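These notes are about the structure you will find just below.
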Amino acid sequence: MNVSKYLPTAARLFLGLVFTVFGLNFFLHFLPTPAPAPRAAAFAGALFSSGYLFPLLKITEVMAGLLLLSGRFLPLALAVVAPIVINIVGFHLFLAPSGLPLAVALLATELYLAWMYRAAFAPMLRAGHSLPQAAGTLASKPVRVTA
């Protein structure tokens, strides 16, 4: 049995499950949440008291998680969850170290999947990439975009 053949699917399902379950838990409260450390509680409280950020974050997690679970639009889902994963790692690294093992597992999974789907990210990572030429325009040369 070739394990490496199934590793991308297992990683995708793991990441999708984590984001779907924890995102839904915010709305449905089916998992117990332990009392956070004071600084972690203050940070989460500030996000929650904004009135919009936590619900938006959790809706985004659920949507990206479902995309990962379904196997559709994987590069988009990976791009959407990347900044969320970075913040999860930072949160657990600096405010709530007890959750660091899961945070590191999420980061490793995100990096692995980004590497596996690197061809999808290659066009947006090229410096000075040309804009695509629209069909039916009079432009004879593509416009060069430089950063």
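All values derive from a computational prediction rather than experimental measurement.
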Minimum heavy-atom separation for [X] and [Y], please, with both atom names.
X: Gly23; Y: Val62; answer: C-CG2, 3.5 Å
X: Pro55; Y: Gly51; answer: CG-O, 4.2 Å
X: Pro32; Y: Pro34; answer: O-CD, 3.8 Å
X: Leu95; Y: Pro97; answer: C-CD, 3.7 Å
X: Ala64; Y: Val80; answer: CB-CG1, 4.2 Å

[atom1] of [X] to [atom2] of [Y]: how many Å apart, nearest 0.5 Å?
X: Leu24; Y: Phe19; atom1: CG; atom2: CZ; answer: 13.0 Å
X: Leu76; Y: Met63; atom1: CG; atom2: CE; answer: 9.0 Å
X: Tyr52; Y: Leu57; atom1: OH; atom2: CG; answer: 11.0 Å
X: Asn25; Y: Leu31; atom1: CG; atom2: CG; answer: 4.0 Å
X: Tyr117; Y: Tyr112; atom1: OH; atom2: OH; answer: 8.5 Å
X: Glu110; Y: Phe14; atom1: CD; atom2: CZ; answer: 11.5 Å

When you group the ILVMFWY residues by side-chain heavy-atom contacts below 4.5 Å and let the links chain together, are [Y] and [X] in the same group?
X: Leu102; Y: Val81; answer: yes
X: Leu68; Y: Phe73; answer: no
X: Leu67; Y: Leu74; answer: no

Is Ser49 reaching over with its side chain to a backbone N or O of Ala46, donor-acceptor style, under 3.5 angstrom? yes
N/O donor-acceptor pair under 3.5 Å between Arg12 side chain and Thr9 backbone: no
Are Thr20 and Leu69 close enough, and set up right, to give a side chain to side chain contact (heavy atoms under 4.5 Å, CB included), and what steps lead you there? CA-CA 9 Å; Thr20 302; Leu69 289 173; 3.5 Å; yes
Kindly indicate, with the supporting measurements, whether the criterion side chain to side chain contact (heavy atoms under 4.5 Å, CB included) is fulfilled by Val104 and Val89. CA-CA 7 Å; Val104 170; Val89 170; 5.6 Å; no
Those residues that, when tested against Phe48, pass side chain to side chain contact (heavy atoms under 4.5 Å, CB included) (two or more places apart): Phe26, Phe54
Suppose we screen for side chain to side chain contact (heavy atoms under 4.5 Å, CB included). Which residues come up paired with Ile86, at least two apart in sequence or across chains? none
Going through the checks in order, is the side chain to side chain contact (heavy atoms under 4.5 Å, CB included) test met by Leu78 and Leu15? CA-CA 9 Å; Leu78 292 171; Leu15 201 60; 4.0 Å; yes
Got a sec: does the CZ of Phe121 have more than 12 other heavy atoms crowding it under 6.0 Å? yes
Decide side chain to side chain contact (heavy atoms under 4.5 Å, CB included) for Val21 and Phe30; before the verdict, give the C-alpha distance in whole Å, the side-chain angles of both, and the deciding distance to 0.1 Å. CA-CA 9 Å; Val21 168; Phe30 52 85; 3.9 Å; yes
Can you pull the ring-ring contact (aromatic ring centres under 6.0 Å, His included) pairs that have at least one residue in residues 82-103, sequence neighbours excluded? Phe43-Phe91
